[in-house]
Chemist: 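Got a structure here, written out as structure tokens. Questions coming.
Just so we're clear, the structure is a prediction, and the values are computed from it rather than from any experiment. Positions are given from 1 along the sequence.
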Amino acid sequence: MKKYLLLLVLFLSACGFKPMFTGQDTDIYVAPISGINGIELRNSLNAKFGGQRDQNAKYKLTVNLQQPVTKYKALEVTGGATWQEIVLNASYVLSVDGKTIASGRESASESYTFVRYLVAANASYNNAVQNTIKVLAEKIGTRAIAETYRYEQSGTDK
């Protein structure tokens, strides 16, 4: 097995393969995002980028996070909801020196069980929101890393 792995590594290095993101820190400043969910999203993005940067970072990511939207997914015969879905939408702009290099919209959702007990219902809702924020941060963060890599490879920053 080790022989095959060694051959694979040699093959990939010979073909010019270079990983886009190898765990190094990315110099992206994430502007403050309003709301409690915005704070969580910003913290998740900063963690993905290798830590918080100040405003002097090379790239700036501005995110506009909308309020969560709840949709009913399943109803009992009595009309009470038993299954709900939380949806979070965000738009973002990635810029360097005031010039936009990427922008877009991302959406993430998660379903959760809605129960009659208030504490359990709130915990279920909050867990769904937290999981949705993590997915949203992963989507936006991956796109931002890809765009900074593409920008640097294009040579337009020199």
Chemist: Give, for atom CG of L61 and atom CD1 of I33, the distance between the pair rounded to the nearest 0.5 Å.
Modeler: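 Going from CG on L61 over to CD1 on I33, the span is 7.0 Å.
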Chemist: Could you grab the distance from atom OG1 of T148 to atom CD1 of I101, nearest 0.5 Å is fine?
Modeler: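 One gets 6.5 Å once the value is rounded to the nearest 0.5 Å.
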Chemist: Side-chain atoms of residues 35-42: list all donor-acceptor pairs with protein atoms under 3.5 Å, sequence neighbours left out, distances to 0.1 Å.
Modeler:
| from | atom 1 | to | atom 2 | distance (Å) |
| --- | --- | --- | --- | --- |
| R42 | NE | V30 | O | 2.7 |
| R42 | NH2 | V30 | O | 2.9 |

Chemist: Can you tell me how far the CG atom of N122 sits from the CG atom of N127, to the nearest 0.5 Å?
Modeler: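 N122 CG to N127 CG: 11.0 Å, rounded to 0.5 Å.
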Chemist: I'd like to know whether NZ of K139 has more than 12 heavy-atom contacts from other residues, nucleotides or ligands below 6.0 angstrom.
Modeler: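 Counting other residues, nucleotides and ligands, NZ of K139 exceeds 12 neighbours.
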Chemist: Verify side chain to side chain donor-acceptor pair (under 3.5 Å) between Y59 and E152, making sure each step is shown before the conclusion.
Modeler: CA-CA 11 Å; Y59 300 97; E152 289 179 11; 3.0 Å; yes
Chemist: Do the side chains of E138 and E106 get nearer than 4.5 Å, heavy atoms only?
Modeler: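 Result no, sub-4.5 Å side-chain heavy-atom pair not found.
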Chemist: How long is the gap from OG1 on T26 to NZ on K58, to the nearest 0.5 Å?
Modeler: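 Going from the OG1 atom of T26 to the NZ atom of K58 covers 11.5 Å.
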Chemist: Nearest 0.5 Å, please: how far is CD in Q153 from OH in Y149?
Modeler: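 Result: 4.0 Å between the selected atoms.
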Chemist: Step by step, work out the side chain to side chain contact (heavy atoms under 4.5 Å, CB included) result for N126 and Y112.
Modeler: CA-CA 10 Å; N126 290 335; Y112 64 97; over 6 Å; no
Chemist: Run the side chain to side chain contact (heavy atoms under 4.5 Å, CB included) test on I145 and K48 for me, step by step, so that the C-alpha distance in whole Å, both residues' side-chain angles and the decisive distance to 0.1 Å come before the verdict.
Modeler: CA-CA 9 Å; I145 290 169; K48 182 160 182 67; 4.2 Å; yes
Chemist: Test of understanding: with side-chain contact (heavy atoms from CB on, under 4.5 Å), list the residues that count as partners of A120, not counting sequence neighbours.
Modeler: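 Once residues adjacent in sequence are excluded, the partners of A120 under the side-chain contact (heavy atoms from CB on, under 4.5 Å) criterion are V115, Y117.
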Chemist: Tell me the side chain to side chain donor-acceptor pair (under 3.5 Å) pairs involving residues 87-97, sequence neighbours left out?
Modeler: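 Of all non-adjacent pairs touching residues 87-97, those that pass side chain to side chain donor-acceptor pair (under 3.5 Å) are N89-S107, Y92-R143.
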Chemist: Taking all heavy atoms of S103 and all of T100, pick out the closest pair and write down the distance.
Modeler: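 The pair with the smallest heavy-atom distance is CB-CG2, 4.4 Å.
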Chemist: Name all residues meeting the side-chain contact (heavy atoms from CB on, under 4.5 Å) criterion together with S44; count only those two or more places apart in sequence or in a different chain, and write none if there are none.
Modeler: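 Scan of S44 (side-chain contact (heavy atoms from CB on, under 4.5 Å), adjacent residues dropped) gives I133, A137.
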Chemist: If you compare all heavy atoms of A144 against all heavy atoms of I28, which two are closest, and at what distance to 0.1 Å?
Modeler: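 Where A144 meets I28 most closely, the heavy atoms are CB-CD1, 4.1 Å.
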Chemist: Say whether L65 and V135 are linked into one hydrophobic cluster, either directly or through other cluster members, by side-chain heavy-atom distances under 4.5 angstrom.
Modeler: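 No, L65 does not connect to V135 through the hydrophobic network.
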Chemist: When rounded to the nearest 0.5 angstrom, what is the spacing between OH in Y151 and NZ in K99?
Modeler: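 Here the interatomic distance stands at 4.0 Å.
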Chemist: Which residues pass the side-chain contact (heavy atoms from CB on, under 4.5 Å) test with A31, sequence neighbours left out?
Modeler: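 Partners of A31 by the side-chain contact (heavy atoms from CB on, under 4.5 Å) criterion, ordered by chain and then number, come out as Y29, K60, T62.
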Chemist: Could you work out, with side-chain hydrogen bond (donor to acceptor under 3.5 Å, both in side chains) as the rule, every residue matching E85, not counting sequence neighbours?
Modeler: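 So E85 forms a side-chain hydrogen bond (donor to acceptor under 3.5 Å, both in side chains) with S109.
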Chemist: Taking the side chain as C-beta and beyond, is there a heavy-atom pair between D27 and F49 under 4.5 Å?
Modeler: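 D27 does not reach F49 side chain to side chain.
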Chemist: Where the side chain of T132 meets the backbone of L88, is there a donor-acceptor pair that is under 3.5 Å apart?
Modeler: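 Absent.
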Chemist: The criterion is side-chain hydrogen bond (donor to acceptor under 3.5 Å, both in side chains); which residues satisfy it with N131, sequence neighbours excluded?
Modeler: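 Counting only residues at least two positions away or on another chain, N131 forms a side-chain hydrogen bond (donor to acceptor under 3.5 Å, both in side chains) with E110.
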Chemist: Not counting sequence neighbours, which residues clear salt bridge (Lys or Arg N to Asp or Glu O under 4.0 Å) with R150? List them please.
Modeler: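 Scan of R150 (salt bridge (Lys or Arg N to Asp or Glu O under 4.0 Å), adjacent residues dropped) gives E147.
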